[in-house]
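Here the structure is laid out as structure tokens; the discussion comes afterwards.
By convention in this document, chain letters (A, B, ...) are assigned in the order of the sequence lines, proteins followed by strands, and residues within each chain are numbered from 1. A quick note: this is a predicted structure, and the numbers were derived from the prediction, not measured.
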Amino acid sequence: MNSLAVPAIGGAELHVIEFGDIVNYFSPYTAMLFAFAVLFTVIAIVSRPERQVDIAFGGDAYYTKDIQPEQLKFQRFMAIACGLATLGAVVSGDVFNFTLFTSMVGITNIGIVAAYKNRHVLNAAFQYGIVAMIATVPLFGGAAIILATTGTLSMWELFGSAIAVPLIAKAFLVLGVMGEGMAPFYVAKAEITRAPGAPYVLIIHVSSLLLFLRVVEIVLSM
Amino acid sequence: MKPEGQGSIISRISRALSNYDYLAGVYALLVIIITIIGIVSLPFLAYEDVQVYPKHIDRSSPLDPYDRGGTPFNTTAVHAQYPDNSPYLGYVTAYLTPLSQFMADGSHHLGTTIVSHPGGIIDEILYNTRGLDTVVETSILFVAFTIAAYLFRRKD
Amino acid sequence: MIDFLLFAVFTGLLLHGIHRKAIARIQGRPGPPIWQEILHSLKFSFKETWIPATASEVLFVAVVLVALGIWSAALFILLLEGSILMLFGIYMLHKIVEHGLGLSSGSPYGKFGAIRSVISAASEIPLFATIGAIYFVTGSLQLSDIIAYQAANGPLLLLMPPVAAAMYIVILSKMHYSPFAIIEAKEIVSGNRTEHFGVWRAALDVAFSLKTFVLLYAFVLIFIGGIPFAAVLVLMLLLLLSLSFVCALCPMLSPYDTVTMQSLATALVAVYLVAVVVIA
Amino acid sequence: MGTGVTGAICIAAGASAALDMLPLWGAGLLIVVAFPFFVVLLGLWWNASEGEGDIPFIGY
């Protein structure tokens with residue numbers, strides 16, 4: 001079998017990019033996610049950061065934080081790296097490759113927020129980093145269990161009805177993506193959002209949502 | 001905002017969840033729960049030894065881990081002080097700690113020829129012809145290095 | 001197709017007006033006329049418009065276009081009876097629009113709205129329980145297959161009411177004035193839409209009217225099935241009125257309480273799913 | 001100018017889908033790309049005037 005199993009819940013296969021044993025493919029669903037990731041990566045590349053207005057409470061005063069793009073150069077670089085990792089993750093046709101890209105997204109997310117100097121944001125980022133590190137265990141554990149029990153990591157094979165993937169592997173995979181992208185645990189992320197540099201902070205959310213959408217498709221298909 | 005330990009059950013849960021200091025703990029708890037379920041279900045999981053290295057050495061198998069060309073590993077020049085204690089000298093699994101030995105005895109998945117620890121299965125994956133994975137792994141390392149370098153060089 | 005899109009825009013705006021009117025009447029106020037939201041959108045589009053001096057210009061404009069684009073796409077997915085996985089993907093991507101609206105302007109109120117929208121991202125979780133349940137029962141996520149399944153087995157609303165309830169909560173959390181609408185609560189002015197005025201606001205009104213239309217339409221198609229279009233519209237109106245009752249009678253929840261409530265809803269659906277699997 | 005072009009794309013896509021000249025998903029894709037620009041450009045075309053950017057609303 002050398003194509004995507006039919007029927008696939010993400011739609012029929014549109015295009016395939018082969019990297020030896022690893023195959024990346026586009027279905028309507030992954031193409032949509034890919035387009036969205038490209039869009040926001042481009043926005044992160046071309047847009048300048050916003051200037052945050054803060055109100056001094058107890059008076060009429062307000063002040064604007066003037067942030068030059070040069071100050072956020074590193075955030076922009078990490079945001080672009082994060083966008084590229086997301087692009088890789090959403091079109092990957094291989095479970096292990098997907099988990100690798102996911103952990104790369106986790107690391108670049110930490111990179112985006114670690115570059116800020118605000119103490120509150122850094123405290124939240126620290127907790128986020130801890131969770132992202134814990135998450136690599138279930139993430140790669142899930143991929144490892146899939147390989148050990150089915151002997152393959154190719155989604156084309158796994159999406160077929162012939163192979164049964166154990167529930168525990170799916171649970172590990174979802175848990176890992178949740179940790180890397182912080183999908184439902186939004187506490188630390190909400191605090192991170194307070195940092196300036198909207199286009200770059202936004203990439204954190206874009207990547208985690210897209211990863212979550214992709215892992216849902218993978219888990220439902222397997 | 002009421003002080004800690006007051007209010008309805010829902011607002012108490014909300015208050016606990018809204019403290020990001022508990023975040024790693026909450027997530028770790030979830031991981032522990034799923035891991036325990038995983039360990040319990042381990043005996044029921046199949047082991048695909050057609051694709052992954054078998055637990056018992058089978059010289060005739062094309063997957064024979066030592067048959068990678070070159071000098072066979074079992075003719076190692078290492079001299080054992082106590083050959084009785086290390087019958088597998090030269091093998092990756094030659095020395096297992098008592099805990100590893102116990103796990104290897106009880107499971108298909110641990111203590112195989114190369115897979116003497118769980119991370120070994122990841123190595124298995126990489127022994128296949130998987131070019132892109134290697135690229136991505138290197139990228140992850142580079143990104144991590146970049147972050148560390150940036151933080152180190154940052155003027156505060 | 002473009003005709004259906006325009007129809008959906010105006011119907012959606014009208015539904016918003018009806019929503020406001022119903023809430024006002026339930027609360028004993030006269031309320032604005034039901035075409036108020038259509039007039040509102042037109043009025044905003046005639047107003048003087050600029051990009052705030054503090055905004056991140058590209059992002060500020062791009063999120064408005066993205067909002068319009070994703071909800072038009074969602075409408076076409078329903079129209080072509082495509083995959084509801086894509087539909088719900090778009091629903092998740094709407095979160096990015098909410099974040100982007102609030103963060104791009106530099107306004108403190110917008111920022112609070114954006115932070116709250118990050119917090120309220122838990123509202124998406126009941127949705128995945130819903131998708132999982134529908135996939136488990138019908139064996140497909142193509143809308144055409146789900147409608148065919150319902151034609152054979154009766155509406156999913158009766159077959160699995162807890163799943164419909166979860167989807168109902170999801171729609172509720174996206175309505176104006178809902179107890180879950182913390183991102184545009186009055187104490188933070190207009191939340192993440194504070195700085196999007198004039199043409200930007202008009203375009204957002206168009207996008208959000210499409211959103212309301214799509215969510216109600218999707219609920220009817222997924223849980224009731226293939227019925228004549230006029231009947232679909234009537235059911236959408238009834239659904240909206242029931243939502244108005246909830247919105248009119250429930251107080252706004254505090255931000256983290258919404259998260260807890262939605263997580264509990266997800267847990268209930270998950271328990272229901274496990275029970276269904278065990279019985280089956 | 002842009003308003004006219006994007007509006008024309010929307011109408012042409014809708015018409016050609018109705019006449020079976022374009023697959024439905026293709027017409028949908030065209031409209032999804034063109035329609036947002038059409039709405040925003042339409043508003044920018046007929047709105048009052050363009051002013052200088054000002055600082056955001058900071059409270060009453």
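When heavy atoms are compared at a cutoff of 4.5 Å, C:Leu65 approaches chain D by way of both its backbone and its side chain. Contact of C:Leu6 with chain D is made through the side chain alone, with heavy-atom distances under 4.5 Å. Only the side chain of C:Val9 comes within contact range of chain D, with at least one heavy atom under 4.5 Å from a heavy atom of that chain. Only the side chain of C:Leu5 comes within contact range of chain D, with heavy atoms under 4.5 Å apart. Using a 4.5 Å cut-off between heavy atoms, C:Ala73 touches chain D through backbone and side chain atoms alike.
Within the 4.5 Å cutoff, side-chain heavy atoms of D:Leu44 are placed close to those of C:Trp200. No side-chain heavy atom of D:Phe38 sits under 4.5 Å from any side-chain heavy atom of C:Leu68.
Chain C forms the most heavy-atom pairs under 4.5 Å with one residue out of D:Leu42, D:Leu29, D:Val39, and that residue is D:Val39.
The number of heavy-atom neighbours closer than 6.0 Å to CZ of D:Phe37, taken from other residues, nucleotides and ligands shown, is 12 or below. Within 6.0 Å of the OH atom in C:Tyr135, the count of heavy atoms belonging to other residues, nucleotides or ligands exceeds 12.
Closest approach of D:Phe35 and C:Ser72 over heavy atoms only: CD2-OG, 3.7 Å. Annotation for C:Gly69 and D:Pro36: closest pair N-CG, 3.5 Å, computed over non-hydrogen atoms.
Using a 4.5 Å heavy-atom cut-off against chain C, the contacting residues of residues 6-19 of chain D are D:Cys10, D:Ile11, D:Gly14, D:Ala17.
Not a single ring pair (Phe, Tyr, Trp, His ring centres under 6.0 Å) links C:His19 to another residue, sequence neighbours left out.
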